[in-house]
Protein chains: 2
Amino acid sequence: MSNFALSEFLPYRLAVAASAVSDRFARLYSARFGISIPEWRVLAVLGSFGTAHARQLTALTTMDKVKVSRAVAGLETAGLLKRRADAADARRTLLSLTPKGARTYAAIIPLAEAMQAALLAELPPDARAGLDAALTLLSPR
Amino acid sequence: MSNFALSEFLPYRLAVAASAVSDRFARLYSARFGISIPEWRVLAVLGSFGTAHARQLTALTTMDKVKVSRAVAGLETAGLLKRRADAADARRTLLSLTPKGARTYAAIIPLAEAMQAALLAELPPDARAGLDAALTLLSPR
DNA sequence: TGACATCGGTTGCATTTGTAACTAATTGAC
DNA sequence: GTCAATTAGTTACAAATGCAACCGATGTCA
């Protein structure tokens, strides 16, 4: 019999922690604003970038284009996002937040910042730094 | 406009890293052995514990009972796992690996250990320690 | 110009996952 | 002992996700 322990396996531990932290944050906003995690990611990027193509969103949110497309559609239906044609390339659509979308963004950001602060507060400084370095090294690119 | 950056948001970064690492590991075994991540988790626990109830598996794999039930069914269909009645409580089923399941386990564990070693090798020692501490503190207890 | 590959984005379909309801067995209050 | 409440586990149905095909627009190369 082996001495392998799932509970010490890094991919497993990362998945468990990521899911716990995501759920914790999602509980803060999902019911209140009715948006999903993919939608939150798109909202967050458009809120800080102002305008972007769906193509750019795939890179900035680490989601594939189908997921982005559906998140954009959802936000549009909810009246949080608007599309307009890109004069330079008719295949593309320029995406940006509506005033309502901007208000929602402005309302969620404090929650995100509070979440981030709460998480960091749970970690001693060296764990914070190590986690930061590790996440960078283990993420794509 | 805010200076919030999704790319520095901990829940997001954790999700991205977790997914990258999981995919990387899954690529090693999923095609070769035809098992899913939930099935891998059950296999890993049964391989090291020998026998368990589904109920125990939910705790040891951090998956809900439906996911466990399906993973168990999948492993059974694949001939990797067998059920037998629990004399002490007819609601429960005792689960354990078949010889074939044990062989699969024995074949995957080295891959898991190599993966773990490869991941740790990418991290400097302080990042390793910090990540370890952080994952423990951020996971449900 | 025209033929063809490529790109941005959406849609259809199969698979996976989550939620809730359900069955069967056991426990516990009385 | 009887019966309601709880527990182990499965199933049915809905929502989310992934993959591949697809459509129209643009780029490329002759």
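Every value quoted in this text rests on a predicted model; they were computed, and no experiment measured them. So you know, we letter chains A, B, ... as the sequences are listed, proteins then strands, and number each from 1.
A straight line from CG of D86(B) to P of dT7(D) spans 17 Å, rounded to a whole angstrom. If you take CE of M63(B) and P of dA8(D), they are 16 Å apart, rounded to a whole angstrom. For R91(B) and dT27(C), the CZ to C1' distance is 8 Å, given to the nearest whole Å. Remark: C1' of dT16(C) and CZ of R41(B) are 14 Å apart, rounded to the nearest angstrom. As a whole-Å value, the separation of D64(B) CG from dA20(C) P is 12 Å. Regarding D89(B), its CG atom lies at a distance of 8 Å from the C1' atom of dT7(D), rounded to whole Å. dT10(C) atom C1' lies 9 Å from atom NZ of K65(A), rounded to whole Å. Residue D23(B) contributes atom CG, which lies 15 Å from atom C1' of dT16(C) at whole-angstrom precision.
Side-chain atoms of R83(A) and base atoms of dG9(C) include no donor and acceptor less than 3.5 Å apart. At a cut-off of 3.5 angstrom, the base of dG9(D) holds no donor-acceptor pair with the side chain of R70(B).
Take the nearest nucleotide of DNA chain D for A90(A) and for P38(A): the residue whose nucleotide is more 5' is P38(A). DNA chain D is contacted by both R55(B) and A87(A); R55(B) maps to the nucleotide lying nearer its 5′ end (nearest heavy atom per residue).
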For this session: I would like to know whether F4(B) and Y105(A) meet ring pair (Phe, Tyr, Trp, His ring centres under 6.0 Å); could you show each step before the answer?
Result: CA-CA 10 Å; F4(B) 177 84; Y105(A) 176 76; 7.1 Å; no

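A sub-4.0 Å separation between OP1 or OP2 of dG8(C) and a side-chain N or O of R92(A) is absent. Checking the phosphate oxygens (OP1, OP2) of dA16(D), no side-chain nitrogen or oxygen of K67(A) falls inside 4.0 Å. Contact between the side-chain N/O atoms of S69(B) and the OP1/OP2 oxygens of dT10(D) is found at a separation under 4.0 Å.
As judged by a 4.0 angstrom heavy-atom cut-off over every strand, V66(B) is placed among the base-contacting residues. Across all strands shown, S36(B) has no heavy atoms under 4.0 Å from either base or sugar-phosphate atoms.
Using bins of under 30°, 30° to 60° and over 60° for the plane-to-plane angle, the ring pair Y29(B)/W40(B) lands in the tilted bin.
Partner of P11(A) under the side-chain contact (heavy atoms from CB on, under 4.5 Å) criterion, chosen from I37(B), D23(B), V21(B): V21(B). The only option from L57(A), L75(A), V42(A), V68(A) that meets the side-chain contact (heavy atoms from CB on, under 4.5 Å) definition with L95(A) turns out to be L57(A).
In this structure, R24(A) pairs ionically with E122(A), as a charged nitrogen and a carboxylate oxygen lie closer than 4.0 Å.
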